[in-house]
Amino acid sequence: VGVAPAARLMALRACWEATTGARLTLCSTLSLARAIEYAIEHDAQVINLSLSGPPDPLLDKLIDVAMTRNIAVVAAYDGAAPHGGFPASKPGVIAVTDESLRTWPASVYGAPGRDIPTTEPGGKWYIVNGSSYAAAHVAGLIALVREERRAARPRIAVRRDGRIIDA
């Protein structure tokens with residue numbers, strides 16, 4: 001709402017919080033695959049994957065399908081994972097990190113990722129930090145550009161240095 005107010009959202013819950021008391025979020029290949037497949041089949045124009053993990057063959061193929069259909073795929077870059085983690089390390093995926101981290105590869109975008117207001121259950125507000133929230137900003141920016149262009153299937157082109165040249 002704050003970035004691309006006319007965008008329609010598909011809020012697909014593919015992960016869940018651990019019940020151990022720690023704020024840990026868990027996902028499975030199956031839950032992520034079902035959400036990505038749903039987004040593809042329901043004509044999403046942007047898929048935000050604010051997560052990172054090991055490479056996964058099924059998710060890799062689904063992301064390929066999405067990109068073949070001109071769906072922009074945005075992912076959070078994990079500075080602690082090799083090559084930023086998967087799916088951010090996948091060619092064609094728009095990798096995003098929290099710009100306050102100051103250091104990241106040229107192929108990764110920096111975006112606001114600190115002190116982001118978000119909603120919580122019960123009508124409350126909460127302040128969050130991290131690359132996942134920066135990735136959401138970039139996904140919103142792509143939606144806004146597409147909204148402004150009023151094109152059904154605009155093309156995303158990413159140069160070797162990672163810069164978007166046509167959204």
Side-chain angles (χ1 to χ4, degrees), residues 1-4 7-98 101 104-105 107-109 111 113 116 118-122 124 126 128-144 146 152-158 162 164 167:
V1 168
V3 178
R8 292 181 328 164
L9 301 177
M10 286 183 232
L12 305 175
R13 187 172 190 96
C15 302
W16 57 94
E17 280 193 48
T19 57
T20 61
R23 275 193 92 117
L24 182 65
T25 304
L26 305 171
C27 308
S28 72
T29 295
L30 179 59
S31 65
L32 289 167
R34 290 179 68 192
I36 294 169
E37 188 272 337
Y38 184 93
I40 292 167
E41 293 304 316
H42 289 85
D43 299 319
Q45 291 188 18
V46 182
I47 295 175
N48 177 34
L49 296 169
S50 289
L51 50 87
S52 179
D56 184 280
L58 176 59
L59 300 179
D60 187 72
K61 291 197 182 310
L62 282 167
I63 291 169
D64 284 340
V65 169
M67 291 189 299
T68 299
R69 295 187 185 185
N70 295 318
I71 298 170
V73 179
V74 179
Y77 177 86
D78 181 356
H83 309 290
F86 178 84
S89 60
K90 181 172 177 50
V93 169
I94 301 164
V96 181
T97 191
D98 173 3
L101 299 178
W104 59 84
S107 62
V108 176
Y109 292 92
I116 308 297
T118 188
T119 56
E120 268 196 342
K124 297 178 183 176
Y126 187 69
V128 294
N129 300 309
S131 294
S132 291
Y133 304 101
H137 272 108
V138 171
L141 177 61
I142 293 168
L144 181 64
R146 288 183 173 198
R153 292 281 184 219
R155 217 181 92 218
I156 291 281
V158 179
I164 297 176

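Summarising the geometry of Leu49 relative to Pro87, their closest heavy-atom pair is CD1-CG, 3.7 Å, with the distance given to 0.1 Å. In plain terms, the two heavy atoms of Ala143 and Val46 that are nearest each other are N-CG2, 4.2 Å. Heavy atoms only, all atoms of each residue included: Leu62 and Ile40 are closest at O-CD1, 3.4 Å. Of all non-hydrogen atoms in Leu59 and Thr29, the two that sit nearest each other are CD2-O, 3.9 Å. Residues Ser52 and Gly85 share a closest heavy-atom pair of OG-CA, 3.4 Å. The shortest non-hydrogen separation linking Val74 to Val93 is C-CG1, 4.4 Å.
In this structure, the separation between CG on Asn48 and NE2 on His137 is 11.0 Å, given to the nearest 0.5 Å. Here the CG atom belonging to Leu141 is positioned 11.5 Å from the CZ atom belonging to Arg146, to the nearest 0.5 angstrom. Rounding to the nearest 0.5 angstrom, the gap separating the OG1 atom in Thr97 from the CH2 atom in Trp104 is 6.5 Å. Rounding to the nearest 0.5 Å places CG of Leu51 at 12.0 Å from CG of Leu26. To the nearest 0.5 Å, atoms CD1 (Ile142) and CG (Leu144) are separated by 11.0 Å. In this structure, Met67 CE and Ile94 CD1 are separated by 9.5 Å, a value rounded to the nearest 0.5 Å.
In this structure a side-chain-to-backbone donor-acceptor pair under 3.5 Å is present from Ser132 to Ser50. Side-chain N or O atoms of Thr68 include one that pairs as donor or acceptor with a backbone N or O of Asp64 at under 3.5 Å. Between the side chain of Ser28 and the backbone N or O of Ser31, at least one donor-acceptor pair lies under 3.5 Å. No donor-acceptor distance shorter than 3.5 angstrom exists from the side chain of Arg34 to the backbone of Ala14, with no hydrogens or angles considered.
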Handout entry: Worked verdict on Lys90 versus Asp60 for side chain to side chain contact (heavy atoms under 4.5 Å, CB included)
Key = CA-CA 8 Å; Lys90 181 172 177 50; Asp60 187 72; 2.9 Å; yes

Exercise for the section: Begin with the C-alpha distance, continue with both residues' side-chain angles, and end with the deciding distance and a verdict on salt bridge (charged side-chain N to carboxylate O under 4.0 Å, His left out) for Arg69 and Glu41. Expected result: CA-CA 10 Å; Arg69 295 187 185 185; Glu41 293 304 316; 3.6 Å; yes

